[in-house]
Amino acid sequence: MIHGTAYVVAAYGVFVTILSAYVGILFPRMRSKRRRLAELEAQLAERKG
Amino acid sequence: MILPVHATRLRILPAATATTLALAAATVFFYAPEDADQGLLQKIFYLHVPMAIVALCGFIAGGVFAIKHLRTRDRAWDLRSYIAIHLSLILGVGVLVTGSIWARAAWGHWWVWNEPTLVSFLVVFLLFACYQPLRFSIEDPERQARYASVFAVVGAAFVPLNFLAVRMAQGFVHPRVLTSAGGNMTGPMRVTFYVCLLAMVLLYVTMFTVEIAAKRDSFKLRRVRRELDAMEARA
């Protein structure tokens, strides 16, 4: 039983790891991009206006 | 290139996905009965099989988007095709690893080369793993999109062919979860399986929508930078 539990935990652990890595990479990059975009748009509006 | 992503969709989808994933986990561990033959090990299937189905459907979706791109020459379709394939590759890694873990526990081997289901999935995965090197080895964006689309269409056509070939092959060791006779699942197991499949579909759609939004931001950022550079050059 313990043997089977270890494999089940390993399989679900792999899924959680992949998902966490994906979210951990994508979301901070997206947030920093949005921040930079807001800064540049403000700069652009300032120069235009 | 216009990639519309509604803000409400970006708010609702992740919440719906997180709820469904939590529900799926609860049904797997607290509702679905233990399999008489495999015991607890069978619970890996609620993760492995939906992931495999969604990954293969994602490859096919990539091919369909690529056809749309080749017909319309709209780069937004190429980008959708790229994201669909990219996400399916991520899920594909999960399918191969969780499948190997199950195989080690059930068969005593991490990989069995004479099992058609395993090898055919690996072939499809490796085929699509070539998509990105091919894509990024071409500098001209138009050619890159065109060649990548052709590759995606050929690869996607290979998925159902491969599936049929495996189904027609003899001497299976790999269990059949879904069959025309109704599969090998009892009522609660079937309900759990469909909840897990729904959760995986929602996860894929959410990841797809978020990546489209991220790409839209990148394009906007590039456009604003170009505008600012042009203004500086004029000044």
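Chain A is the first sequence line, chain B the second, and so forth, proteins listed ahead of strands; every chain is numbered from 1.
- In terms of non-hydrogen atom pairs under 4.5 Å with chain A, the most contact-rich of B/Thr98, B/Asp217, B/Val93 is B/Asp217.
- There is no contact between B/Leu91 and chain A, counting heavy-atom distances below 4.5 Å.
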Atom pairs and distances, side-chain donor-acceptor, residues 11-23 of chain A, under 3.5 Å, sequence neighbours left out:
{"unit_1": "A/Tyr12", "atom_1": "OH", "unit_2": "B/Lys43", "atom_2": "O", "d": "2.6"}
{"unit_1": "A/Thr17", "atom_1": "OG1", "unit_2": "A/Gly13", "atom_2": "O", "d": "2.6"}
{"unit_1": "A/Ser20", "atom_1": "OG", "unit_2": "A/Val16", "atom_2": "O", "d": "2.6"}
{"unit_1": "A/Tyr22", "atom_1": "OH", "unit_2": "B/Glu211", "atom_2": "OE2", "d": "2.7"}

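- Heavy atoms closer than 4.5 Å to chain B are found in the side chain of A/Leu26, but not in its backbone.
- Rounded to the nearest 0.5 Å, atoms CG (A/Leu40) and CD (B/Glu227) are 10.5 Å apart.
- Within the model, atoms NZ of A/Lys33 and CZ of B/Arg216 stand 11.5 Å from one another, a figure rounded to the nearest 0.5 Å.
- Rounded to the nearest 0.5 Å, atoms CZ (B/Arg223) and CD (A/Glu41) are 7.0 Å apart.
- The 12-atom threshold is not exceeded at CZ of B/Phe30, counting heavy atoms of other residues, nucleotides or ligands nearer than 6.0 Å.
- B/Tyr46 has its side chain out of reach of A/Val8: every pair of non-hydrogen atoms, C-beta onward, lies at least 4.5 Å apart.
- Within the 4.5 angstrom heavy-atom criterion, atoms from both the backbone and the side chain of B/Ser218 approach chain A.
- The salt bridge (charged side-chain N to carboxylate O under 4.0 Å, His left out) check on B/Glu232 picks up A/Arg47, with sequence neighbours excluded.
- To the nearest 0.5 Å, the span separating CZ on B/Arg225 from CG on A/Leu37 amounts to 9.5 Å.
- For a residue to count as touching a neighbouring chain, one of its non-hydrogen atoms must lie under 4.5 Å from one of that chain's; by this rule B/Met51 touches chain A with the side chain only.
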